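A short write-up of the structure that comes next.
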2 protein chains.
Amino acid sequence: MVFPQRVKMSDVARTAGVSVATVSKVVNGRYGVAQATVERVQQVIHELGYEASLGAQSLRSHRTNVLGILVAEFEPFSTELLKGASREVAGSGYQLLAYSSGDGEGAAIGWERRSLARLSGTLIDGAVIVTPTVVETNDSFHVVAVDPHTGPSGLPTVDSDNFAGAVLATNYLLSLGHRRIGHISGRADLESARLREAGFRRAMADAGVPVDERLVRVGGFRIESAAGTAAELLALTDRPSAIFAGNDLSAISTMDVARDMGLSVPDDLSVIGFDNVPESALVNPPLTTIMQPIQRMGAEALRLLIDLVAGAERDTHIRLPTELVIRSSCRPRH
Amino acid sequence: MVFPQRVKMSDVARTAGVSVATVSKVVNGRYGVAQATVERVQQVIHELGYEASLGAQSLRSHRTNVLGILVAEFEPFSTELLKGASREVAGSGYQLLAYSSGDGEGAAIGWERRSLARLSGTLIDGAVIVTPTVVETNDSFHVVAVDPHTGPSGLPTVDSDNFAGAVLATNYLLSLGHRRIGHISGRADLESARLREAGFRRAMADAGVPVDERLVRVGGFRIESAAGTAAELLALTDRPSAIFAGNDLSAISTMDVARDMGLSVPDDLSVIGFDNVPESALVNPPLTTIMQPIQRMGAEALRLLIDLVAGAERDTHIRLPTELVIRSSCRPRH
DNA sequence: ATCGGTATCGATAACGTTTTCGAGTCGCTC
DNA sequence: GAGCGACTCGAAAACGTTATCGATACCGAT
């Protein structure tokens, strides 16, 4: 990697004996330059190591070929997404920039917020956002949302079938004989959290099992915030025999809390998660969970964004299937 | 989050009844504008939601207040580093952009590479790089390297005491009675990998234990590439009773391979890693490893970068201490 | 009144691109 | 040999900002 001395278009033009206008044309592959000239200029560009100034480019043409991906923070889910997205962007002619809104469960504020907007508005052509904040946008700037904020935003979206996944999870617990099933839901402003809870309730209702409202609580999607909720749940005198956690992180957290309270997973408590982040296969016991194809979601989101930026008409909503992956954190109720 | 309609400085100027020059002064807090004017302009800026165009700004002033962090790929180590860096950048007046060179064990090529250089050269004020590639830079662009490429680069650097950490790890294994100790080293062009292997050899020599050269092999630092190496090591008729893996990922991979071969960790094989990424506490058995304060390294790197960009004179090399964290993947040799 | 000094402000010239459009050249056709 | 397209090319005007520097206004002191 070399960070070159800045050489500008006029330098190239001078040493190639043409005008900057001509250089610009060959850089952008515009029509109207003689073949011989093209080759000569390209040669000089190569020799001098010329790179266009993003600033000047963006200023003049309002196009940078840079895409952004905005995550709330770098936790396992966004990291997987990032992987998928970076894989997809390779060779697309775009460059991908990741930035974090820099906070977990709050909204960006003040300087941060404005700076984000500034980035977005001025130096990238579009963004995929993985943070549950409401966005307004205009038609010169494209954004696609992954796992979006609750409510109708009208944004292009890619998500997984959270509702069906939750039904899958709940039915699995039910099929194991569990009746007192707890649910730790994610942050309320996340559409996915809402749908998972809805799926949970639907499955329970379909099975004719009443849900004890004391057993469903919001725990957030982070490891620390879920711990408190899990502790409350397990401290109940008639504690649940199984817990459907809103995501893997809170499931892992729940298992930790259970262990600390002297409970064995899965013997005393069955736990099922959601997401299938890499960590879930690593923990002890390996976590049974609902897989959503996170990397693929990242890739699809980026592909969608690219198409949108290029002006293509496309389905504006992509939903990927979920799947039950059985490991060792659940057991039939004795 | 709102991606605003682009309103420019001249708009602000017009509705505030001043010139763009004055608005610019207000925005940048320059001296020489009446208090009343400052307030009026700020008011208008707020109402209109004005955001400076990064492109124009960078073009004119060669300064964007945006910093970059370039990682080879988004694996656990870089992710932790990212967290530390994002935490540090908050409130610093800078914005942090993460980008990936988009590949694991190779160098970026062609379009990618140039695009990286373009980003770096034109729209960020400096970067921390977490990828073992040689860089050349000029004095208008600052870069600090984390876990740098082998050999003297002259770059400002932050790393941990890899050598001492490796000694720590090896001595621990030695103290457990192990004599046939294997080492899976990281990619050869990583200074850290070189130092860890050197530390390993030093500790062995100091203990008067000869190292069997068939037992030290390069496995790369990724999970997949380490697996093959581990398998080779364990297939030896006189296989090692302990393995010091070059990092946690290869340690985890080694444990997987051992399990697949019907070996129990730690009963039949002790494994120690390096890094203490979050995953190492999660796996089964929990991994004994050498901790380096990764998040703190990210934070220090960013702080150093900020100071450098601000023109401060600073120690140009920061080395953080490592520490043995004992979990359950090692056991005395029976 | 005149003057020097301080505030306060605005015209204006960059910064490095892209794009438009007119000018020049050349080879043809009639 | 005049006229006409088709090709090439470059001059110049943007894009939105920052920095310089001169203009103006106002103040108190002579």
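Atom set for the values below is all heavy atoms of this structure, side chains included, hydrogens, waters and symmetry mates excluded. In this text, all values refer to a predicted model and were calculated from it rather than measured experimentally. Letters A, B, ... mirror the listed sequences (proteins, then strands); counts begin at 1.
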For this session: Would you confirm whether B:Ser160, through its side chain, and B:Leu320, through its main-chain N or O, come within 3.5 Å as a donor-acceptor pair?
Result: no
Exercise. Tell me, for nucleotides 16-23 of chain C in 5' to 3' order, what letter each nucleotide earns: B for a base near a protein heavy atom under 4.0 Å, S for only sugar-phosphate near one, - for neither?
Worked result: BBBB----
Problem set entry | side-chain contact (heavy atoms from CB on, under 4.5 Å) partner of B:Leu70, chosen from B:Ile129, B:Ile124, B:Val130 | B:Ile129
Exercise. How far apart are the closest heavy atoms of A:Val7 and A:Gly49, and which atoms are they?
Worked result: CG1-O, 3.9 Å
Exercise. What closest approach, in Å, do A:Thr157 and A:Leu155 show between heavy atoms, and which atom pair accounts for it?
Worked result: OG1-O, 3.0 Å
Protein-nucleic acid N or O pairs under 3.5 Å, nucleotides 22-24 of chain D:
none

Seminar exercise, completed: Closest non-hydrogen contact found for A:Asp125 with A:Asn65 is OD2-N, 2.7 Å
For this session: Can you tell me the distance, in whole Å, between the CZ atom of A:Arg14 and the P atom of D:dC9?
Result: 19 Å
Problem set entry | Atom-to-atom span, CZ of A:Arg40 to P of D:dC9 - whole angstrom | 8 Å
Exercise. Who are the side-chain hydrogen bond (donor to acceptor under 3.5 Å, both in side chains) partners of B:Thr79, not counting sequence neighbours?
Worked result: none
List the atom pairs, donor and acceptor, that lie under 3.5 Å between side-chain atoms in residues 26-42 of chain A and the rest of the protein, sequence neighbours left out.
from, atom 1, to, atom 2, distance (Å)
A:Asn28, ND2, A:Ser24, O, 2.9
A:Asn28, ND2, A:Ser24, OG, 3.4
A:Arg30, NH1, A:Asn28, O, 3.2
A:Gln35, NE2, A:Glu39, OE2, 3.1
A:Arg40, NH1, A:Ala16, O, 2.4

Exercise. Given atom CG of A:Leu54 and atom C1' of C:dC15, what is their separation to the nearest angstrom?
Worked result: 15 Å
Problem set entry | Shortest non-hydrogen contact from B:Val146 toward B:Ala301 | CG2-CB, 3.7 Å
Problem set entry | Non-neighbouring partners of A:Ser78 that pass side-chain hydrogen bond (donor to acceptor under 3.5 Å, both in side chains), sequence neighbours left out | A:Glu75
For this session: Looking at every strand, decide which applies to B:Thr37 at a 4.0 Å heavy-atom threshold: base, sugar-phosphate, or nothing.
Result: sugar-phosphate
For this session: Report yes or no: does B:Ser86 contribute a side-chain atom to a donor-acceptor pair with the main-chain N or O of B:Leu82 at less than 3.5 Å?
Result: yes
Exercise. Quick one: bend of the helix from C:dA1-D:dT30 to C:dC30-D:dG1 from 5 pairs per end, to 10°?
Worked result: 70°
